[in-house]
S.K.: 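This is the structure, below, for whatever I ask next.
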Amino acid sequence: MLQQSELPVDANAADLVVAAFEAPDPVSSSRRSWWRMIPVAMCCLWLLLVIVGALFASRLPIQSPSAVKPIERLRGPSWKHWFGTDNLGRDLFARSVYGARVSLTVGVVSVVIGLVIGGAVGIVAGYLRGRTDEFISWVVDVLLSFPSLVLLIALVAYRGSGLTNICLALGFLGIPIYARLARAHAMTIGGEEFVLAARASGAGKLRILWREIMPNVLPTLSAYGLVSMSLAIVVEGSLSFLGLSVSVPTPSWGGLIAGGQSFIRQTPTWIILPSVVLCLTVLSLNVIGERLRRRFEVGSGG
Amino acid sequence: MNFQPLGSRPDPLLSVRDLTVEFGTKDGQTVHAVSGISFDVAMGETLGLVGESGCGKSTTSRAVMQLPPPTAGSVVFDGRELTSLSSLELRKTRTQLQMIFQDPVSSLNPRRSVEDIIAEPLATWSRGTPKERKAKVYELMEAVGLDGTVVGKRRRREFSGGQCQRISIARALALEPRMLICDEAVSALDVSVQAQILNLLQEMKQRFDLTVIFVAHDLAVVKRVSDRVAVMYLGKICEIAPADLLYAAPRHHYTAALLASIPQPDPTIRPGDVPVLSGEPPSPTDPPTGCRFRTRCPRAEDRCAAEVPELTEHSPGHLVACHFPLESSVAVDVLRRQTDADVLRL
């Protein structure tokens, strides 16, 4: 489930992100003119907007997400209620902004869990090889062989729903994937001469893992992390939709979309607008993550 | 243990005896990369190690460093047997032996600044305060011809191959080693840069009192830097001699063939005139019995298949592993061509 989703990422648009990160050299600046940067810049801008919204939701001049006003129930978008209201008259825009908190928390925390644990285990396996590698690879293969949606639902059913458990479950599911990725990279990097040089100068295994291998694996892992963050957000949305995520009064994007389904005839915007928000966020993460991933794969020069 | 005098050198800093390195392949075969070689390196000396690709010269140099440790044999450095040291002791001793690798770019971590890379060995052993380390790094960078204040913060992609190799040399010297092992250290560089790096290595050798093992496949380069040269073929040493003697009067048929294969910038020599080795070296998974060179040797007889020729001293300092070593007439012929070539090269 956490396999990379095949979003149609525009290769050219993705190419542009790189320009934002690299010092301009004559070739690239002539080839990548400024207007081709627009899509990527917009993705960054959108993410920034969502993050700021999630962080400072309570201080922004928006309505309360939980204030019930039955008189204004099931309104379409207006100046007062940008996204309209739900069946209890709560402001859907405010709920969407607060919902970003859940989505971003799930995305960030689950990715960090998977990346840190999976990455650590993976580079150890890839650098040390031998028995350690055999054992770790075996565990990773076992974990990967579970159908992940079933495992996820089982975990949530066993541990109960709620933000913490969702994060833990999604993070856990990510571990074997990061481990594999980190292992493969660590194997390549372990063969480079600078690692041999470090060994020759008497560096121990831990020091080599931390100072030589990890800094070279991390960029690739983080780029993949961005892509899989989008996936975690989608999965959380699906779980909310199934009622397996955060409990009812707390808004989350998936929960909003799920709540709107009974009223799709009266106020289709209830479903459409939060969906668009979710969609844009996932797309932005994918575009940026994909571009970074490609950059780190090709650019061994870093 | 058999401590025969090898090349009759006093006080060897490094003594290698019966060094054997074998690797298992996936299909259960054994690669005999290095098969029982012995040599000494005297204090302050430069030993050249030559041979064609795959003859085990890099493997030998790495086995000396215990990276990875050899399958069998002994490596005595400064009176200490490296093969039996505990891993911490070995790590400590390794600081005395440093290595420079073939690929100047791959030798540097792409994600760390040059300063950091050169300081890393010092940081590993917590030598000095960060400030002292930094001063030392700048000193080293200056020694290898780089300005630390200008390039210290840069990463490897901003340097040329030659500059990268300078950085590798600075890093190798950071721990003030006594021995430097250059594993094809200039092979990947342009000829003009090669000369600069070779000069730098010579200079560093003088300045830091280094003993050097210089591994290369380029005979001209090895001749230029080495006091003595060991020629390897398929995991065995064929011949060890002082550089001048070896190039002037090779006694082993393989050495002679190698020297003859150096292109001569002389239009009167026609391609057919020089005896060239034919064929490929046999596979190290299944080396020939007896003398390993016999399958390509012009002088091979039945005895060569039956008996392994031992490395024996034929004249003072000149060791040859051959049942039928070359005599002086051929040697003189090679010598003549060599000097002609040198004159023209200069």
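Scope of the values below: all heavy atoms of this structure, side chains included, with no hydrogens, waters or symmetry mates. Proteins get letters first, then strands, A, B, ... in listed order; numbering begins at 1 in each. Small disclaimer: the values here were computed from a predicted structure and weren't measured.
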S.K.: Is it true that atom CG of A/Leu206 has more than 12 heavy atoms of other residues, nucleotides or ligands lying nearer than 6.0 Å?
M.R.: no
S.K.: A/Leu196 versus chain B, heavy atoms under 4.5 Å apart: side chain, backbone, both or neither?
M.R.: both
S.K.: Just give me the residue among A/Gly202, A/Gly204, A/Pro219 that pairs up with chain B most often, heavy atom to heavy atom, under 4.5 Å.
M.R.: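 Greatest number of close heavy-atom pairs with chain B: A/Gly202.
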S.K.: What pair of heavy atoms forms the shortest contact from B/Asn109 to A/Glu212, and how long is it?
M.R.: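 That would be ND2-OE1, 2.9 Å.
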S.K.: For the candidates B/Glu120, B/Gln66, B/Glu158, which exhibits the highest count of non-hydrogen atom pairs separated by less than 4.5 Å from chain A?
M.R.: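 The answer is B/Glu120.
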S.K.: So does B/Phe208 have more than 12 non-hydrogen atoms from other groups sitting under 6.0 Å from CZ?
M.R.: yes
S.K.: Does a sphere of radius 6.0 Å around CZ in B/Phe159 hold more than 12 heavy atoms from other residues, nucleotides or ligands, not counting ones at 6.0 Å or beyond?
M.R.: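 Yes, enclosed.
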S.K.: Locate the shortest heavy-atom distance separating A/Ser201 from B/Trp125; write the atom from each residue and the value.
M.R.: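 That would be O-NE1, 2.8 Å.
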S.K.: Count the heavy atoms of every other residue, nucleotide or ligand shown that sit under 6.0 Å from CZ of A/Phe135, and state whether that count exceeds 12.
M.R.: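 Open: at most 12 neighbouring heavy atoms sit under 6.0 Å from CZ of A/Phe135.
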S.K.: So which residues of residues 165-177 of chain B are in contact with chain A at a heavy-atom cut-off of under 4.5 Å?
M.R.: B/Arg171, B/Leu175
S.K.: So which atom in A/Ala200 and which in B/Met65 form the shortest heavy-atom distance, rounded to 0.1 Å?
M.R.: CB-CE, 3.4 Å
S.K.: Could you tell me if the side chain of A/Leu218 sits less than 4.5 Å from the side chain of B/Arg111, heavy atoms only?
M.R.: no
S.K.: Using every non-hydrogen atom in the two residues, find where B/Thr124 and A/Ala203 come nearest and quote the distance to one decimal.
M.R.: CG2-CA, 3.5 Å
S.K.: Which one, B/Ser107, B/Ser106, B/Pro121, leads in non-hydrogen pairs under 4.5 Å with chain A?
M.R.: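 Looking at each option in turn, the highest pair count goes to B/Ser106.
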S.K.: Do A/Glu193 side-chain atoms and B/Pro104 backbone N/O form a donor-acceptor pair below 3.5 Å?
M.R.: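 No, because the side chain of A/Glu193 does not come within donor-acceptor range (under 3.5 Å) of the backbone of B/Pro104.
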S.K.: Test side chain to side chain contact (heavy atoms under 4.5 Å, CB included) on A/Arg211 and B/Asp116 and set out the steps.
M.R.: CA-CA 10 Å; A/Arg211 309 287 307 249; B/Asp116 238 23; 4.3 Å; yes
S.K.: Nearest 0.5 angstrom please: B/Arg156 CZ to A/Phe194 CZ, how far?
M.R.: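 Between atom CZ of B/Arg156 and atom CZ of A/Phe194 there are 6.5 Å.
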S.K.: So what's closer than 4.5 Å to chain A heavy atoms on B/Leu97: side chain, backbone, both or neither?
M.R.: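 When you check distances to chain A, only backbone atoms of B/Leu97 fall under 4.5 Å.
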S.K.: How close do B/Ala123 and A/Arg207 get, heavy atom to heavy atom, and via which atoms?
M.R.: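 Closest approach of B/Ala123 to A/Arg207: CB-NH2, 3.3 Å.
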